[in-house]
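When a ligand or atom number is given, it counts from 1 through the structure's own listing order. All values below were derived from every heavy atom in this structure, side-chain atoms included, with hydrogens, water molecules and symmetry-related copies excluded.
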Amino acid sequence: MKAVYPGSFDPLTNGHLDIIRRAAKSFEHLFVVVFDNSAKKCLFSVEERIAMISEAVSDIPNVTVDSSSGLLVEYAKKRGVGVIVKGLRAVSDFDYEFKMALMNKKLAPELETFFMMTSLKYLYLSSSLVKEVASYGGCIRDLVPPTVEARLFNKLKEKSGDDI
Ligand code: PNS
């Protein structure tokens with residue numbers, strides 16, 4: 001069975017990477033898909049997010065990194081995918097994820113959503129917190145892959161230059 005792991009990945013964290021590695025072991029093929037969510041103002045472009053994920057998963061043979069700007073269920077149909085993989089951290093994620101799972105079920109009853117619990121060490125981790133810590137010069141070394149750490153600090157430097 002093929003699966004899709006969708007998200008904004010702005011940027012990819014070690015929590016995302018942990019879900020990708022575990023899901024890739026459970027499914028024949030995993031599509032990691034960057035969705036261009038118009039409601040969210042992202043720091044990185046879709047191309048930059050794809051590049052960071054691709055670098056981080058280059059050793060996992062059954063993972064494809066892709067992007068989409070449409071409905072997740074349409075992407076899943078196009079790729080012949082049967083399962084949506086989502087990571088769950090705390091109870092606070094549940095309400096939002098539950099609603100999305102039910103909406104996706106309504107749109108495509110043949111698709112299943114599988115929730116994977118985050119590993120304990122990543123329970124508090126989110127892309128937003130990583131960006132906030134980095135923006136104040138804090139250490140994000142154990143929170144994101146090295147390629148993301150370098151790109152994030154470069155991006156924040158670029159942005160601060162833009163503001164002058
Ligand atoms: O990392 P995020 O921002 O929590 O991911 C949200 C994402 C990309 C999974 C969600 O916005 C999504 O599925 N977008 C695709 C468009 C879509 O199908 N929307 C209806 C969802 S019920």
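S68 places a side-chain N or O within 3.5 Å of a backbone atom of G70 that can act as its donor or acceptor partner. No side-chain donor-acceptor contact under 3.5 Å links R89 to the backbone of T118.
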Note to self: side chain to side chain contact (heavy atoms under 4.5 Å, CB included), that's the test. Do V34 and F44 meet it? Break it down for me.
What the structure shows: CA-CA 11 Å; V34 175; F44 290 98; over 6 Å; no
Note to self: Could you go through R79 and D66, starting from their C-alpha distance and side-chain angles, then the distance that decides it, and tell me whether this counts as salt bridge (Lys or Arg N to Asp or Glu O under 4.0 Å)?
What the structure shows: CA-CA 11 Å; R79 295 289 190 188; D66 201 359; 2.7 Å; yes
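For the pair E28 and K2, the salt-bridge criterion is not met [side-chain N within less than 4.0 Å of a carboxylate O].
Taking atom 18 (O) of ligand 1 as the reference point, the nearest protein heavy-atom neighbour is L72 N, 2.8 Å. Protein heavy atom nearest atom 7 (C) of ligand 1, with residue, atom name and distance: G7 CA, 4.5 Å. Scanning the protein heavy atoms around atom 1 (O) of ligand 1, the nearest turns out to be S8 N, 3.0 Å. Distance from atom 17 (C) of ligand 1 to its nearest protein heavy atom, with residue and atom name: L71 CD2, 3.6 Å.
The aromatic rings of F94 and F115 are tilted relative to each other, their planes meeting at an angle between 30° and 60°. Relative ring orientation between F27 and F114 is described as tilted, the plane-to-plane angle lying within the 30° to 60° band.
Residue K40 places at least one N or O, backbone or side chain, under 3.5 Å from an N or O of ligand 1. Remark: ligand 1 and N104 share no N or O pair separated by less than 3.5 Å (distance only, no angle test).
Of the heavy atoms in K99, none comes closer than 4.0 Å to ligand 1.
Of all atoms in ligand 1, numbered sequentially from 1 with element shown, those under 4.0 Å from a heavy atom of Y96 are 4 (O), 6 (C). Heavy-atom proximity to G70, at under 4.0 Å, picks out these atoms of ligand 1: 15 (C), 16 (C). For ligand 1, the atoms lying closer than 4.0 Å to a non-hydrogen atom of M100 are 10 (C), 22 (S). For ligand 1, the atoms lying closer than 4.0 Å to a non-hydrogen atom of M103 are 22 (S).
Of the options Y5, F35, F9, the smallest heavy-atom separation from atom 8 (C) of ligand 1 is shown by F35.
Partner D10 forms a side-chain contact (heavy atoms from CB on, under 4.5 Å) with one of K131, E48, K41 and no other, that one being K131.
For atom 12 (C) of ligand 1, no protein non-hydrogen atom is found at a distance below 4.0 Å.
Atom NZ of K157 is surrounded by 12 or fewer heavy atoms from other residues, nucleotides or ligands within 6.0 Å.
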